[in-house]
Amino acid sequence: MAGAIVAIGEPARIAGWALAGVRELPADDAEQARQLWAALDTDVALVILTPRAAADLAGEPASPGRLTVVSAS
């Protein structure tokens with residue numbers, strides 16, 4: 001898979017992903033999660049969401065060619 005990998009969610013839950021080369025995008029609330037989602041670069045191939053961020057983004061349009069996964073709680 002070519003492209004960037006990002007993690008969106010509560011800072012304490014995404015901390016450490018950077019050690020694996022993942023860009024961490026902390027979101028303290030639903031509005032911030034939606035703003036980060038909308039601003040993702042086109043080179044992002046994989047988005048890792050915390051369970052809360054996934055719930056916050058329910059109903060947001062998906063991007064073709066981008067995988068999204070929810071990390072374990």
Side-chain angles (χ1 to χ4, degrees):
M1 170 176 51
I5 302 172
V6 301
I8 298 175
E10 308 88 291
R13 291 200 177 264
I14 64 170
W17 280 106
L19 294 172
V22 176
R23 187 171 21 145
E24 297 172 356
L25 301 176
D28 293 316
D29 56 39
E31 182 60 30
Q32 195 172 25
R34 286 190 291 272
Q35 288 174 352
L36 290 167
W37 178 261
L40 287 174
D41 292 333
T42 57
D43 74 328
V44 174
L46 174 64
V47 181
I48 303 166
L49 300 172
T50 62
R52 188 178 90 191
D56 293 342
L57 293 171
E60 292 295 318
S63 296
R66 180 179 291 153
L67 298 174
T68 304
V69 298
V70 179
S71 64
S73 54

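Below, each value reflects all heavy atoms present in this structure, side chains not excepted, and no hydrogens, waters or symmetry copies. None of the values given here were measured: they were computed from a predicted structure.
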J.: Please enumerate all residues that pass side-chain hydrogen bond (donor to acceptor under 3.5 Å, both in side chains) together with R52, with sequence neighbours excluded.
T.: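 Here no residue qualifies.
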J.: Indicate the atoms forming the closest heavy-atom contact of S71 with T50, along with that distance.
T.: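 Nearest heavy atoms, S71 then T50: OG-CA, 3.7 Å.
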J.: Where the side chain of E24 meets the backbone of G16, is there a donor-acceptor pair that is under 3.5 Å apart?
T.: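 Looks like yes, one N/O pair under 3.5 Å.
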J.: Within the 4.5 Å heavy-atom criterion, are D56 and W37 side-chain neighbours or not?
T.: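 A side-chain contact is absent here, since even the closest heavy-atom pair is not under 4.5 Å.
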J.: Any chain of hydrophobic side-chain contacts (each under 4.5 Å) joining L49 to V22?
T.: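 Each belongs to a different hydrophobic cluster.
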J.: Restricting to non-hydrogen atoms, name the atom on G3 and the atom on A45 that form the minimum distance, rounded to 0.1 Å.
T.: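 So the two residues come closest at CA-CB, 4.0 Å.
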J.: Report the residues that fulfil side-chain contact (heavy atoms from CB on, under 4.5 Å) with A27, sequence neighbours left out, ordered by chain and then residue number.
T.: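 Listed in chain order: I8, Q32, A33, L36.
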J.: Quick one: side chains of residues 60-68, donor-acceptor pairs under 3.5 Å with protein atoms, not counting sequence neighbours, listed by atom name and distance.
T.:
from, atom 1, to, atom 2, distance (Å)
S63, OG, R66, NH1, 3.1
R66, NE, V44, O, 3.1
R66, NH2, D41, O, 2.9

J.: Report the residues that fulfil side-chain hydrogen bond (donor to acceptor under 3.5 Å, both in side chains) with Q35, sequence neighbours left out, ordered by chain and then residue number.
T.: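 By the side-chain hydrogen bond (donor to acceptor under 3.5 Å, both in side chains) rule, Q35 matches E31.
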J.: Out of curiosity, does W17 fall in the hydrophobic cluster containing I5 (side-chain heavy atoms, cut-off under 4.5 Å, transitive links)?
T.: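 Shared cluster, yes.
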J.: When Ile, Leu, Val, Met, Phe, Trp and Tyr are grouped by side-chain heavy atoms lying under 4.5 Å apart, directly or through other members, which residues fall in the same group as L19?
T.: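 Besides L19, the cluster holds no residue at all.
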J.: Taking the side chain as every heavy atom from C-beta outward, state whether R34 and L57 have any pair of such atoms under 4.5 Å apart.
T.: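 Counting from C-beta outward, R34 and L57 do come under 4.5 Å.
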J.: Spell out, yes or no, whether L46 and I14 are grouped together once hydrophobic residues are joined by side-chain heavy atoms under 4.5 Å, including indirect joins.
T.: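 Yes; I14 is reachable from L46 via cluster members.
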J.: In chain order, what residues pass the side-chain contact (heavy atoms from CB on, under 4.5 Å) check against A55, with sequence neighbours excluded?
T.: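 Not a single residue meets the side-chain contact (heavy atoms from CB on, under 4.5 Å) criterion with A55.
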